Protein chains: 2
Amino acid sequence: MSRKRLQHGDQNGPPTVRTVAALAGVSIASASRVLNGLGASAETERKVREAAASVGYVPNAVARSLQARRTDMLALAVEDIGNPVYVAMMRAIEEVAARAGYRLQVHATGADPAGEVELIDGLARRYVDGLVISPIRVTAAHLTALARVPTPVVVVGSLPDDAPTGARPVDNVRADSHTGVALAVAHLVAGGRRRIAFVNGPLDTVPGAARHAGYLAALAANGLIADPALIETGDFHHAAGREATRRLLDRERPDAILCANDLIAVGALHALLAAGKRVPEDVALVGMDDTDLAEMSFPQLSSVSLGSAERGRIAAELLLRRLAEPTRPAQRVTVAPELKIRASSAHAIAAVPAPRIGETP
Amino acid sequence: MSRKRLQHGDQNGPPTVRTVAALAGVSIASASRVLNGLGASAETERKVREAAASVGYVPNAVARSLQARRTDMLALAVEDIGNPVYVAMMRAIEEVAARAGYRLQVHATGADPAGEVELIDGLARRYVDGLVISPIRVTAAHLTALARVPTPVVVVGSLPDDAPTGARPVDNVRADSHTGVALAVAHLVAGGRRRIAFVNGPLDTVPGAARHAGYLAALAANGLIADPALIETGDFHHAAGREATRRLLDRERPDAILCANDLIAVGALHALLAAGKRVPEDVALVGMDDTDLAEMSFPQLSSVSLGSAERGRIAAELLLRRLAEPTRPAQRVTVAPELKIRASSAHAIAAVPAPRIGETP
DNA sequence: CTGAAAGCGCTAACAA
DNA sequence: TTGTTAGCGCTTTCAG
């Protein structure tokens with residue numbers, strides 16, 4: 001009586017529809033129907049429910065996914081899942097996803113372009129229904145990968161205008177760093193500041209480049225000349241902000257510092273306070289991203305909100321919407337920036353003579 | 001020639017092993033073997049690879065999971081994926097998971113016990129291979145759910161000693177708040193502080209209760225009497241810390257404040273500075289968890305590291321290990337706390353007379 | 001080394 | 001309403 005392999009009847013592992021059906025004395029189709037709330041006679045219904053309860057039946061999500069060709073899972077890929085900006089984004093996405101019955105998978109890419117491309121290509125394995133990705137640098141490889149992606153993707157961050165558009169539309173949600181920087185500069189100028197330094201992150205990143213351009217444009221718009229000596233570049237972190245600010249202070253006497261994000265701004269604040277500067281009396285300080293850090297520092301940090309949570313929420317909604325309507329035209333949403341004025345820049349000073357375009361210093 | 005339904009041959013959707021096999025003129029078994037790097041003749045190998053490449057074949061992860069009975073996915077469930085403590089934990093877990101070829105799914109439970117239990121029970125759907133959960137409150141329902149869970153689970157946070165042990169061993173990694181608080185108190189006492197206030201989170205949470213008990217024990221161990229007026233309770237957030245500290249200052253003259261986490265401590269710092277207190281000269285301040293916030297505040301915050309990243313790392317490793325050895329006995333790992341002394345408490349003051357146990361004030 | 005076929009657990013089309 | 005059966009796409013015996 002030895003059998004070559006386990007047969008259906010052998011009840012090992014967890015109960016399946018088969019187990020339930022057998023126990024209830026009905027077909028697996030009937031069992032499945034009842035379990036999915038489809039029509040069945042009262043009697044069948046009762047028997048199946050009873051059987052299911054008695055063995056503690058729980059449907060297998062993987063099998064269901066295979067059949068349904070959907071995983072009810074979304075993925076989020078960002079450089080660093082510990083960065084406050086991405087944390088805010090992730091939180092918003094998780095919330096939207098959970099509310100819609102989707103689970104969220106997170107990937108830390110470490111800003112490795114190859115890894116990001118691999119991830120995008122990996123979507124072909126269909127282990128998630130959609131992806132939100134926020135690449136800090138966008139390479140040609142990203143673009144070609146996006147153009148051939150078989151799964152809905154939303155890119156958070158700016159994409160080149162001439163990006164090749166693939167068979168599948170890619171939605172895009174952006175921050176408006178350019179306007180954001182303009183708001184900050186206008187505010188500082190209004191407060192009487194003229195020597196407005198800028199501590200930025202790497203220029204070869206999407207946000208770094210946008211903020212740099214915005215800074216130059218904003219100065220010009222306010223009739224100020226850009227002094228290269230007032231510009232420092234590091235990475236987007238705290239320590240870099242501190243060091244850049246130290247270098248700046250060794251050399252210059254800025255009356256305001258605009259930082260490309262809050263992490264940098266917090267570092268700058270340390271350097272300023274450690275150097276005995278009063279904030280905002282001596283030097284006004286403005287960050288960007290308006291993360292939780294802004295209101296946790298002392299003095300509280302003015303910051304330009306680029307709507308990270310908002311961008312996350314919108315990205316998730318666009319993704320869900322595209323899941324429902326795969327062919328609708330690609331959307332591009334830009335979230336408006338908002339300047340949050342707090343103590344670090346609230347203090348206006350008397351305007352001091354400062355070089356303006358067209359004047360000789 | 002009308003067929004009732006789509007047959008195998010109809011090539012819609014993405015290419016499958018079938019497509020590849022047909023194209024290569026071999027059986028699907030051979031195709032699968034080649035694709036999985038198993039033995040095959042050079043000729044078969046070539047034909048299959050060529051066919052796969054020509055159609056851009058990518059294996060379907062869900063189908064593979066169904067067959068393999070594993071998803072290569074882990075889940076993490078915490079109250080709030082934006083809390084710095086959990087962010088540190090998540091980051092560590094994601095890293096360990098990714099390195100081992102697992103993806104990570106995150107769930108924000110909002111500290112809802114029912115939702116957490118549902119999540120644990122949901123593991124029976126087998127959409128993940130394992131779960132790390134850090135419930136802030138542990139109810140009886142948690143315990144029974146854990147006892148019947150069909151999937152490896154690691155609990156981060158203390159479990160009652162008499163927790164019912166189910167068929168499947170549940171690993172557990174804990175912080176040692178008790179010792180952590182003791183380190184902080186001893187440090188403050190050594191700095192000459194005697195009126196050491198304590199701003200805590202809710203007492204009905206695992207960390208809240210442990211830290212409260214630790215505080216009382218530490219005072220006693222240092223010969224100080226506990227003054228209920230020096231104890232404040234709120235939630236674990238920034239605003240609560242600020243308000244609690246204000247109430248405290250309205251009423252008392254603490255020379256040190258110990259906070260149950262860094263978020264609270266940052267709030268306390270605001271209240272202190274706003275009240276014109278010098279930190280640490282007038283009031284020393286110590287937080288807990290040693291999050292990124294600690295070194296970002298000014299003055300930098302002394303904080304008791306409870307090893308959140310470390311706990312995450314260990315939890316992930318325990319989970320991976322259990323995946324490999326499902327029956328090994330349940331492990332309990334406790335991570336040793338470490339006091340990081342920074343500017344907010346670095347300043348020693350002359351010991352002032354303060355009530356000690358056995359003395360009359 | 002290769003192919004036929006079973007089966008992972010589930011849903012759905014079709015027929016009865 | 002119910003049961004039979006064919007798949008979802010893949011891996012894995014088991015023969016040959």
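Proteins come first, then strands; the chains are lettered A, B, ... in the order of their sequence lines, and each starts at number 1. Just so we're clear, the structure is a prediction, and the values are computed from it rather than from any experiment.
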### Query
Would you say Arg18(B) reaches dG9(D)'s phosphate, i.e. side-chain N/O to OP1/OP2 under 4.0 Å?
no
### Query
Quick one: side-chain hydrogen bond (donor to acceptor under 3.5 Å, both in side chains) pairs with a partner in residues 50-63 of chain B, sequence neighbours left out?
Arg46(B)-Glu50(B)
### Query
Going from CZ on Arg137(A) to NE2 on His142(A), what distance comes out if it is rounded to the nearest 0.5 angstrom?
10.0 Å
### Query
Quick one: bend of the helix from dC1(C)-dG16(D) to dA16(C)-dT1(D) from 5 pairs per end, to 10°?
40°
### Query
Would you call Glu325(A) and Arg321(A) a salt bridge, using N to O less than 4.0 angstrom?
yes
### Task
Ignoring backbone atoms, establish whether Thr44(A) has a side-chain N or O less than 4.0 Å from OP1 or OP2 of dT1(D).
no
### Task
Consider the side chain of Leu66(B), meaning its heavy atoms from C-beta on, and name the nucleotide among dT2(D), dC10(C), dC8(C) that approaches it most closely.
dC8(C)
### Task
Answer with yes or no whether Gln67(A) presents, from its side chain, a donor or acceptor under 3.5 Å of a partner atom in the base of dG9(C).
no
### Task
Using a cut-off of strictly less than 4.0 Å, decide whether Asn36(B) has a side-chain nitrogen or oxygen near OP1 or OP2 of dT11(D).
yes
#### Entry: Given DNA chain C, 5'-ward residue of the pair Val58(A) and Glu45(B), judged by closest heavy atom
Glu45(B)
### Message
Counting only heavy atoms and a strict 4.0 angstrom limit, can you tell me which residues of residues 23-33 of chain B come near DNA chain D?
### Response
Ile28(B), Ala29(B), Ser32(B), Arg33(B)
### Task
Verify the contact: side-chain N or O of Tyr127(B) to OP1 or OP2 of dC10(C), cut-off strictly under 4.0 Å; return yes or no.
no
